[in-house]
Amino acid sequence: TGAVRIEVTGTNGSTTATFQIDVIAYNPAALDLFPSSTIYPGGWLENSWFDWVAAEEIPFITHLNHGYQYVDESSTTTTLFLYDFNLETWLYTTSTLYPNMYNFDLGKWMFYLKESGNGFTEDRWFWIYDGDNSRWVRESEI
């Protein structure tokens with residue numbers, strides 16, 4: 001990830017105008033996986049459905065709330081197979097299902113309470129779909 005500011009000056013007769021353009025470079029593989037994202041300095045992408053992701057080191061990503069994750073090569077722009085390092089399990093979600101995620105170790109669907117957790121020191125909250133035993137749990141309890 002890099003950024004450069006280009007300053008352009010032009011003259012028309014006796015009038016001179018100057019403007020600046022900020023150009024931010026990004027890993028093309030990350031942009032292929034997370035298209036239509038807004039790119040911010042510092043390597044962050046704001047994706048339309050998966051929220052804030054630093055993906056410069058794709059297939060390893062850092063999600064603002066989920067923390068470190070590995071994106072499997074079978075993932076697409078609308079389908080993610082992720083290894084979640086905090087949960088130590090594989091997850092599956094899509095652009096139409098998120099924040100619902102399938103937890104392969106549990107064999108159950110979970111609803112992620114958006115913006116809970118910070119990926120590192122604060123637990124995320126999940127609603128585990130489990131029939132009569134459905135419940136809210138912290139990630140450290142999964």
Side-chain angles (χ1 to χ4, degrees), residues 1-12 15-142:
T1 301
V4 64
R5 176 168 288 160
I6 300 171
E7 185 172 285
V8 178
T9 303
T11 303
N12 183 4
T15 304
T16 300
T18 301
F19 64 93
Q20 297 176 341
I21 301 171
D22 290 329
V23 179
I24 301 172
Y26 209 82
N27 181 332
L31 295 178
D32 287 345
L33 188 60
F34 298 104
S36 303
S37 295
T38 303
I39 305 169
Y40 291 93
W44 287 96
L45 297 174
E46 185 180 13
N47 183 259
S48 60
W49 67 273
F50 198 54
D51 301 320
W52 289 87
V53 178
E56 184 63 15
E57 301 297 323
I58 200 92
F60 294 93
I61 64 172
T62 303
H63 188 282
L64 186 64
N65 301 105
H66 297 303
Y68 295 120
Q69 295 179 316
Y70 175 84
V71 181
D72 187 77
E73 64 186 26
S74 63
S75 296
T76 69
T77 60
T78 59
T79 302
L80 291 177
F81 289 93
L82 304 159
Y83 184 81
D84 186 287
F85 288 97
N86 289 338
L87 295 175
E88 298 179 342
T89 190
W90 285 94
L91 303 174
Y92 164 80
T93 193
T94 70
S95 59
T96 56
L97 292 172
Y98 187 78
N100 286 294
M101 297 183 277
Y102 185 78
N103 180 315
F104 284 93
D105 279 358
L106 293 178
K108 299 187 183 329
W109 284 94
M110 309 182 306
F111 173 83
Y112 162 63
L113 180 62
K114 289 182 97 174
E115 298 182 9
S116 67
N118 66 6
F120 301 99
T121 58
E122 294 177 18
D123 275 354
R124 296 167 286 176
W125 283 90
F126 295 94
W127 177 258
I128 307 292
Y129 295 102
D130 193 16
D132 291 340
N133 196 30
S134 296
R135 65 206 177 277
W136 284 106
V137 295
R138 290 184 167 141
E139 72 179 90
S140 58
E141 300 169 337
I142 295 177

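Scope of the values below: all heavy atoms of this structure, side chains included, with no hydrogens, waters or symmetry mates.
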Student: State, with a plain yes or no, whether a side-chain heavy atom of E56 is found less than 4.5 Å away from one of N27.
Tutor: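 Yes, side chains in contact.
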
Student: Can you check side chain to side chain contact (heavy atoms under 4.5 Å, CB included) on F81 and T79, steps first, answer last?
Tutor: CA-CA 7 Å; F81 289 93; T79 302; 3.9 Å; yes

Student: Nearest 0.5 Å, please: how far is CZ in F34 from CG in D51?
Tutor: 10.5 Å

Student: Please list, chain by chain and in numerical order, all residues satisfying side-chain contact (heavy atoms from CB on, under 4.5 Å) with D132, sequence neighbours excluded.
Tutor: none

Student: Measuring from atom CG of L45 to atom OG1 of T38, what distance do you get when rounded to the nearest 0.5 angstrom?
Tutor: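 Taking CG in L45 and OG1 in T38, the distance rounds to 8.5 Å.
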
Student: Going by heavy atoms in the side chains, are E115 and L64 under 4.5 Å from each other?
Tutor: no

Student: Enter the distance from T62:OG1 to F85:CZ here, rounded to the nearest 0.5 Å.
Tutor: 10.0 Å

Student: Please walk me through it: do Y112 and Y98 pass side chain to side chain contact (heavy atoms under 4.5 Å, CB included)?
Tutor: CA-CA 8 Å; Y112 162 63; Y98 187 78; 3.5 Å; yes

Student: State the OH-CG distance between Y70 and D72, to the nearest 0.5 angstrom.
Tutor: 6.0 Å

Student: Suppose we screen for side-chain contact (heavy atoms from CB on, under 4.5 Å). Which residues come up paired with D84, at least two apart in sequence or across chains?
Tutor: H66, Q69, N86, L87, L91, R124

Student: To check you understand the geometry: which heavy-atom pair defines the closest contact between A55 and I61, and what is its length?
Tutor: CB-CG2, 3.8 Å

Student: Do I6 and Q20 touch side chain to side chain, with heavy atoms closer than 4.5 Å?
Tutor: no

Student: May I ask you to check whether T18 and T9 show a side-chain donor-acceptor distance below 3.5 Å?
Tutor: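 There is such a pair (donor and acceptor under 3.5 Å, judged by atom type) between the side chains of T18 and T9.
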
Student: Could you go through the side chain to side chain contact (heavy atoms under 4.5 Å, CB included) check for I142 and L106 one step at a time?
Tutor: CA-CA 9 Å; I142 295 177; L106 293 178; 3.8 Å; yes

Student: Given side chains that start at C-beta, do those of L31 and I39 come closer than 4.5 Å, heavy atoms only?
Tutor: yes

Student: Under 6.0 Å between ring centres, would you say that holds for Y40 and W52?
Tutor: yes

Student: Where is the tightest heavy-atom contact between V53 and H63, given as atom of each residue plus distance?
Tutor: CG2-CD2, 3.9 Å

Student: What do you reckon, is CD of E141 surrounded by more than 12 foreign heavy atoms closer than 6.0 Å?
Tutor: yes

Student: Can you tell me how far apart OG1 (T78) and CG (L97) are? Round to the nearest 0.5 Å.
Tutor: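 Rounded to the nearest 0.5 Å, the OG1-CG separation comes out at 10.0 Å.
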
Student: Could you check, using the six-membered ring where one of them is a Trp, whether Y92 and F104 have ring centers closer than 6.0 angstrom?
Tutor: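 Centroid distance Y92-F104: not below 6.0 Å, so no.
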
Student: If you take all heavy atoms of T77 and D32, which pair is closest and at what distance?
Tutor: CG2-O, 3.1 Å

Student: Report yes if the side chains of M101 and F126 come closer than 4.5 Å at any heavy-atom pair, otherwise no.
Tutor: yes

Student: What's the spacing between S134 OG and I128 CD1 if we round to 0.5 Å?
Tutor: 9.0 Å

Student: Hey, mind stepping through L82 and F50 against side chain to side chain contact (heavy atoms under 4.5 Å, CB included) and telling me if it holds?
Tutor: CA-CA 12 Å; L82 304 159; F50 198 54; 3.7 Å; yes

Student: Any donor and acceptor pair, going by atom type alone, linking the side chain of T93 with main-chain N or O of N100 inside 3.5 Å?
Tutor: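 Yes, the answer is positive, given that a donor and an acceptor are paired below the 3.5 Å cut-off.
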
Student: Above 12 or not: heavy atoms from other molecules or residues under 6.0 Å from CG of N12?
Tutor: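 For N12, atom CG is not crowded (no more than 12 foreign heavy atoms under 6.0 Å).
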
Student: Determine whether N118 and N65 make a side-chain contact, defined as any pair of heavy atoms from C-beta on separated by less than 4.5 Å.
Tutor: no

Student: Give the minimum heavy-atom separation between N47 and P35, together with the two atoms involved.
Tutor: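 Residues N47 and P35, closest heavy atoms: ND2-O, 3.8 Å.
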
Student: Using ring-ring contact (aromatic ring centres under 6.0 Å, His included) as the criterion, list what pairs up with F120, not counting sequence neighbours.
Tutor: Y68

Student: Does the ring centre of W109 sit less than 6.0 Å away from the ring centre of Y129?
Tutor: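 That pair fails the under 6.0 Å test.
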
Student: Given the side-chain rings of W125 and W136, with only the six-membered ring counted for Trp, is the space between their centroids under 6.0 Å?
Tutor: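 No, they do not, as the ring centres are separated by 6.0 Å or more.
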
